[in-house]
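For ligands, and for the atoms within them, numbers begin at 1 and follow the listed sequence. Starting from 1, each residue takes its place in the sequence as its number.
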Amino acid sequence: MNVPFFRPDLQQAEIDEVVETLRSGWLTTGPRTQRFEREFAAAVGATHALALNSCTAALHLALAALDLQPGQAVLVPTMTFAATAEVVRYLGAVPILVDCDPVTLNLDLEDAEAKLRPENWPPEIDRDLKPVGLIPVHVGGLMLAMDAVNAFARRHDLWVVEDAAHAFPAAWRPDSDAPWQRCGEGTSAVTCFSFYANKTITTGEGGMAVTEDEALLERMRCLSLHGLSKDAWGRYTAQGSWDYRIVAAGFKYNLTDIAAAIGLHQLARAEAMRQDRQRLALAYREALAALAAEGFLELPPVPADRVHAWHLFPIRLGLERLTLDRDAFLQELRKREIGYSVHWRPLHRHPYYEEAFGWRPEHLPNASAVWPRLVTLPLFPTMTEGEMAAVVRGVGEVCGQHRK
Ligand SMILES: *Cc1c(COP(=O)(O)O)cnc(C)c1O
C-alpha cells in the first residue's frame with residue numbers, strides 16, 4: 001500500500017463554488033474574498049482579517065506595517081520554515097535565531113532572552129542592531145503559552161507577530177480554570193495563517209492576517225495592493241473609482257475569489273477536519289506506544305491546556321537504540337512506500353544563514369541535537385485505518401530490523 005505524506009480533503013462544495021465563481025465573471029478579489037475574511041475573523045475571534053495570497057505575504061505585510069527597518073533585528077526560531085526569517089530580510093533587517101524546546105520544538109523563551117544580548121550572536125552580526133520584535137511559530141499546531149511570550153515581549157519592548165501557518169484552528173489556556181483563547185483572538189499584534197496546499201485548510205495558495213489593530217489592518221490592506229489609497233479598494237465594486245492614489249510602494253498580495261471560493265468551504269469544515277486529525281494523532285500515539293516505551297522513538301506531546309491543530313505528527317527517533325540514522329530510516333520508509341517529511345532542517349543549518357550570518361550548531365544546541373532525529377509521519381483528515389496501520393507496521397518493522 002502506498003501511503004502519501006498528505007492528501008488534501010476537497011469536496012464537491014469546494015468544486016461547485018469554484019465553478020460558480022468562474023461563471024460569475026468575478027475572478028480576483030471580490031465578494032467571496034470579503035466573505036472569507038469575515039467568516040475567518042469570526043472563526044478565530046479576531047476583529048479584522050485580511051485575505052492574502054500566502055502566509056509569507058501576511059508576515060511580510062505585518063512586518064512592513066510595524067515599520068521594520070534596516071538596523072533592526074527580529075528574534076526568529078531556527079526551527080521553522082524559510083518564510084519566517086526571509087520576511088525579515090525583505091525589509092533589510094536581520095533575523096536573530098532562537099533555539100527550540102527539545103520536546104515541543106517550539107521557540108525557547110530562555111534562549112530568546114539570551115539572544116537579546118549581542119554577545120550571544122555570531123561575530124559576523126553587527127553588534128549595533130536593535131532587536132525590535134519576535135515571530136513565534138506554533139510548530140505543528142501546538143500553541144506556545146502566549147501569556148509568557150507576550151510578557152517577555154512587553155518586558156523587552158518587542159512587538160509580536162505570530163507565524164500561525166500550522167495553527168488553525170488552535171487554542172491555548174494558561175490552566176484548566178482559565179478560558180480558552182483561540183490563535184488569532186488577540187494573541188499578538190498580527191497573527192498570520194497559511195492556506196498552502198498541505199496546510200490544515202487550503203485555498204491552493206493563500207493566507208490571512210488577523211489583528212485587533214485597525215491602523216495595522218489599514219496599512220497592510222493598502223500595501224497588499226500596490227500601496228493604493230483606501231478608496232481604491234472600491235475599484236472592486238460598482239462604486240469603484242478610476243482615480244486612485246499611490247500612497248506607498250506596495251506589493252501585489254491580494255487573494256483571488258477563485259481561491260476564496262475553496263477557502264469558504266474548507267473553513268466551514270475546519271473543526272471537523274481538526275477532529276479527524278486529532279483522532280488519528282491519538283490513534284498513532286496508542287499504536288506507537290510500545291515502540292516509544294522501548295526507546296525506539298519519542299512521540300509528540302499532548303498537553304491538556306491546548307486545542308492542538310495537529311497539522312503535523314513529528315516523532316523523534318531514539319538513535320541510541322537503532323543501528324541506522326534518520327536518513328537511512330527514511331530510505332526504509334520509502335522502500336515500504338510510506339510518505340514522510342522532516343520539519344525541519346533548522347535555519348542555522350542552511351547555507352544562506354551559515355554564510356551570511358555565521359550561525360553554527362553550537363549557537364542553537366537543542367535544535368542542532370534534535371533535528372537529526374526528526375521524522376514527520378503522514379497525518380491528514382482522510383487517512384484511512386488501513387493507511388495508518390501501514391505506517392505503524394512500517395515504522396515497527398524498521399525499528400525491529402535495525403534495533404541495537
Ligand atoms: C507553510 C509555512 C509558511 C508559509 O506559508 P505560505 O502560505 O506557503 O506562504 C510559513 N511558516 C511556516 C511555519 C510554514 O509551515
Between Val210, Val44, Thr191, which is the residue that forms a side chain to side chain contact (heavy atoms under 4.5 Å, CB included) with Phe168? Val44
Hey, can you tell me if Tyr90 and His60 have their rings parallel, tilted or perpendicular (30° and 60° cut-offs)? perpendicular
Answer yes or no: is there a donor N or O on one side and an acceptor on the other, between the side chain of Asp305 and the main chain of Trp172, under 3.5 Å? no
Got the closest protein heavy atom to atom 15 (O) of ligand 1, with its distance? His166 NE2, 2.7 Å
Would you mind checking which non-hydrogen protein atom is closest to atom 4 (C) of ligand 1, with the distance to 0.1 Å? Thr56 OG1, 3.7 Å
Distance from atom 8 (O) of ligand 1 to nearest protein heavy atom, with residue and atom: Tyr196 CB, 3.8 Å
Can you find an N or O of Cys55 that's nearer than 3.5 Å to an N or O of ligand 1? yes
With backbone taken as N, CA, C and O and side chain as the heavy atoms from C-beta onward, which portion of Thr80 lies under 4.0 Å from ligand 1: side chain, backbone, both, or neither? side chain
Should the proximity of Ala83 to ligand 1, defined as any heavy atom under 4.0 Å, be assigned to the side chain, the backbone, both, or neither? side chain
When the ring planes of Trp359 and His363 are compared, do they come out parallel, tilted or perpendicular, using 30° and 60° as the limits? perpendicular
Which ligand 1 atoms does Gly206 reach within 4.0 Å, using its non-hydrogen atoms? 7 (O)
With backbone taken as N, CA, C and O and side chain as the heavy atoms from C-beta onward, which portion of Ala165 lies under 4.0 Å from ligand 1: side chain, backbone, both, or neither? side chain
May I ask you to check whether Gln278 and Arg274 show a side-chain donor-acceptor distance below 3.5 Å? yes
Between the side chains of Asp163 and Thr84, does any donor sit under 3.5 Å from an acceptor? yes
Take the angle between the ring planes of His166 and His343 and call it parallel below 30°, perpendicular above 60°, tilted in between. perpendicular
In the protein, which heavy atom is nearest to atom 10 (C) of ligand 1, and how far is it? Asp163 OD2, 3.5 Å
In terms of the angle between their ring planes, are Phe40 and Phe36 parallel, tilted or perpendicular, with boundaries placed at 30° and 60°? perpendicular
Taking the non-hydrogen atoms of Ala58, is any one of them nearer than 4.0 angstrom to ligand 1? no
Report yes or no: does a heavy atom of Lys199 sit under 4.0 Å from some atom of ligand 1? yes
